[in-house]
Amino acid sequence: MSNQDINNARFDAEAATWDADEKHLDGVEKAFEAIKRHVPAFQDGSAKDLDVLEIGCGTGLLSFKLAPHVRSLIGVDTSDGMLASFNSKIASLPDPSTANVAAVNVLVRDPDDFHLQGAASALAVRRGESGKDTPYRFDLVVSHLTLHHIEDMGGLMRILFSSLKSGGRVALTDYEDFGEDAKAFHPKAKWAGVERHGVKKQEIEDVIDGVGFNEVKIERPFSLNKQVEGVDGGDARYMDFPFLLCLGQKS
Ligand SMILES: C[S@@+](CC[C@H](N)C(=O)[O-])C[C@H]1O[C@@H](n2cnc3c(N)ncnc32)[C@H](O)[C@@H]1O
């Protein structure tokens, strides 16, 4: 079984209860606030012009916070269970046919992916455009708690770079790999689907810089206090995990 298969099975199983976990809600709220503080469009009043791509949107916790502030948001995820939860939120909107959000099952390998382009085109038609402005490109790529599931970080950053319009930005949050203790973020039973135990600050900065982004900055905007497994069968304990916000602009 590949790591991707293990992840998909894990998140399919966790989807129904994902939004009930206060830690998930807390982390997403902090990520949302950090994105609003650090992405200039949220400061200068132009956020309503943004077409956003979200990698690993899950049930849409971050997506539905961002959506009212931007022009459109397309989430991609590889777990059908998480996407079913996302889509049930769209279905429960007062008028789903006018929603500015959509989610598709895509393992991002190609900015011109058929499903991704189809979703972007459908949202464009919905807001009165021709839907033929292809290939669609985005103003902002966001992601929360997904980078640690990605095997080829350089490959992903190259795709994100190609998915952006000129002037577009990335704002990606995940927990930091600050050393051996960062492994405690996940219980050992979940390590099989984890590609890396957090994101290393210098490593991600070099990768984002290396694919051609400008204004690369890695911030440490918040931390999350989380219950973790005890050591050697001891009692569960609480630990603080710092989070990184990885920023860059395609000029
Ligand atoms: C820890 S969850 C975070 C979900 C959501 N961002 C949140 O904060 O609630 C990670 C998500 O990334 C998705 N994922 C894992 N690998 C992925 C990949 N290669 N491409 C897209 N999504 C992926 C999983 O299915 C899962 O929904």
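All figures in this text were calculated on a predicted structure; none of them were measured in a lab.
Under the 3.5 Å distance criterion, the side-chain polar atoms of E219 are left unmatched by any main-chain donor or acceptor of L244. In this structure, the side chain of D77 does not engage the main chain of A103 through any donor-acceptor pair within 3.5 Å. Between the side chain of R10 and the main chain of K190, no donor-acceptor pair closer than 3.5 Å is present.
For the atom pair CG (L61) and CG (D19), the distance works out to 4.0 Å, reported to the nearest 0.5 Å. From M153, atom CE reaches atom CD1 of I208 across 8.5 Å, with rounding to the nearest 0.5 Å. Note that CD1 of I204 and CG of D177 are 11.5 Å apart. Values are rounded to the nearest 0.5 Å.
Partners of T98 under the side-chain hydrogen bond (donor to acceptor under 3.5 Å, both in side chains) rule, at least two apart in sequence or in another chain, do not exist in this structure. Not counting sequence neighbours, the partners of S63 by the side-chain hydrogen bond (donor to acceptor under 3.5 Å, both in side chains) test are E54. D174 pairs by the side-chain hydrogen bond (donor to acceptor under 3.5 Å, both in side chains) definition with H148, not counting sequence neighbours.
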Please evaluate residues W191 and K183 with respect to the criterion side-chain contact (heavy atoms from CB on, under 4.5 Å), reporting the C-alpha separation (whole Å), side-chain torsions for both, the decisive distance (0.1 Å), and the verdict. CA-CA 9 Å; W191 283 9; K183 289 185 175 174; 3.7 Å; yes

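L123 and A99 get closest at one heavy-atom pair: CD2-O, 3.6 Å.
For an aromatic pair to be called close, the ring centres must be under 6.0 Å apart, and F241 with H197 fails this.
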